[in-house]
Amino acid sequence: MTPIRYHIHGYDEGFEEGKRQGWHEGRNHGRIHGGKLSAEVSFYRGFALTWKYLLQMNMDSKARKPLKILEALTGMIQTFPLEDPQNQELEENMKQIRAKFRQVCSLLHISTDFNGYVNSPGQLSF
């Protein structure tokens, strides 16, 4: 083989190995990011369902507005495209869910800092 062929052959082998490693790293990154996103959405869902239940038990005039916003939050979570990671509106939907969560917390006078209460591999950021 001539030196140019060795160079081309080495480049091709390196390129293929880089593609394999890139696929592996990309898959791992997607799995980790998807798991964090799923945990965050699940947290919001549990939070919303729990507070809806508690507020429905005590239906005074102060509970109506937070209950209405919790209904909206649960609706947003139910239509969240968890099954479609390629969805173009995924990030925008997540921003809206986070904003709605913060709005509910504000109305209920609850801190949005749950880092000490949530046990997950990665910390949730609200």
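All values reported here derive from a predicted model rather than from experimental measurement.
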**Study point:** Spatial distance of atom CZ (Arg64) from atom CG (Leu55) [nearest 0.5 Å]
**Key:** 12.5 Å
Practice item. Specify whether Phe101 and Phe47 have parallel, tilted or perpendicular ring planes, treating 30° as the upper limit for parallel and 60° as the lower limit for perpendicular. Key: perpendicular
Exercise for review: Report yes if the side chains of Ile69 and Leu73 come closer than 4.5 Å at any heavy-atom pair, otherwise no.
Suggested key: no
Revision key, fill the gap. In this structure, CE of Met57 is separated from NZ of Lys52 (nearest 0.5 Å) by 14.5 Å
Practice item. Measure the spacing between OG1 of Thr50 and CZ of Arg45 and express it to the nearest 0.5 Å. Key: 10.0 Å
**Study point:** Where Ser111 and Cys105 come nearest, the two heavy atoms and their spacing
**Key:** O-SG, 4.5 Å
**Study point:** side chain to side chain contact (heavy atoms under 4.5 Å, CB included) against Asp60, all qualifying residues, sequence neighbours excluded
**Key:** Asn58, Lys62, Ala63
Point to revise | Asn93 and Met76, any side-chain heavy atoms less than 4.5 Å apart | key: no
Point to revise | Residues which pass side chain to side chain contact (heavy atoms under 4.5 Å, CB included) with Gln78, listed by chain and number, not counting sequence neighbours | key: none
Point to revise | Glu17: side chain to side chain contact (heavy atoms under 4.5 Å, CB included) partners, not counting sequence neighbours | key: Arg20, Gln21
Practice item. Could you please spell out the steps behind the side-chain contact (heavy atoms from CB on, under 4.5 Å) verdict for Arg98 and Tyr44? Key: CA-CA 8 Å; Arg98 289 177 183 134; Tyr44 294 141; 3.4 Å; yes
Point to revise | Polar side-chain atom of Ser42 near backbone of Ser38 as donor-acceptor pair, under 3.5 Å | key: yes
Exercise for review: Show the numbers, then the answer: is there a side-chain contact (heavy atoms from CB on, under 4.5 Å) between Leu90 and Asp84?
Suggested key: CA-CA 8 Å; Leu90 189 90; Asp84 182 14; over 6 Å; no
Practice item. Flag the pair Val104 / Trp51 as yes when at least one side-chain heavy-atom distance between them is below 4.5 Å, and no otherwise. Key: no
Study note, to complete from the structure: One should read off an interatomic distance between Thr112 OG1 and Gln103 CD, to the nearest 0.5 angstrom, of 13.0 Å
Practice item. Group every Ile, Leu, Val, Met, Phe, Trp and Tyr by side-chain heavy-atom contacts under 4.5 Å, then state whether Ile77 and Ile110 land in the same group. Key: yes
Check your understanding: Mind checking what makes side chain to side chain contact (heavy atoms under 4.5 Å, CB included) contact with Lys68, not counting sequence neighbours?
Key -> none
Point to revise | Euclidean distance, Ile97 CD1 relative to Lys100 NZ, rounded to 0.5 Å | key: 11.0 Å
Practice item. Please list all pairs passing the side chain to side chain donor-acceptor pair (under 3.5 Å) test where one or both residues lie in residues 22-31, with sequence neighbours left out. Key: His24-Asn28, Asn28-Arg31
Review point. So Met94 and Phe80, side-chain contact (heavy atoms from CB on, under 4.5 Å) or not? Walk me through it.
Key: CA-CA 8 Å; Met94 199 62 217; Phe80 189 74; 3.7 Å; yes
Practice item. May I ask you to list the residues sharing a hydrophobic cluster with Phe15, side-chain cutoff 4.5 Å, ordered by chain and number? Key: Tyr11
Check your understanding: For the atom pair CG (Leu108) and CG (Leu70), what is the distance rounded to the nearest 0.5 Å?
Key -> 6.5 Å
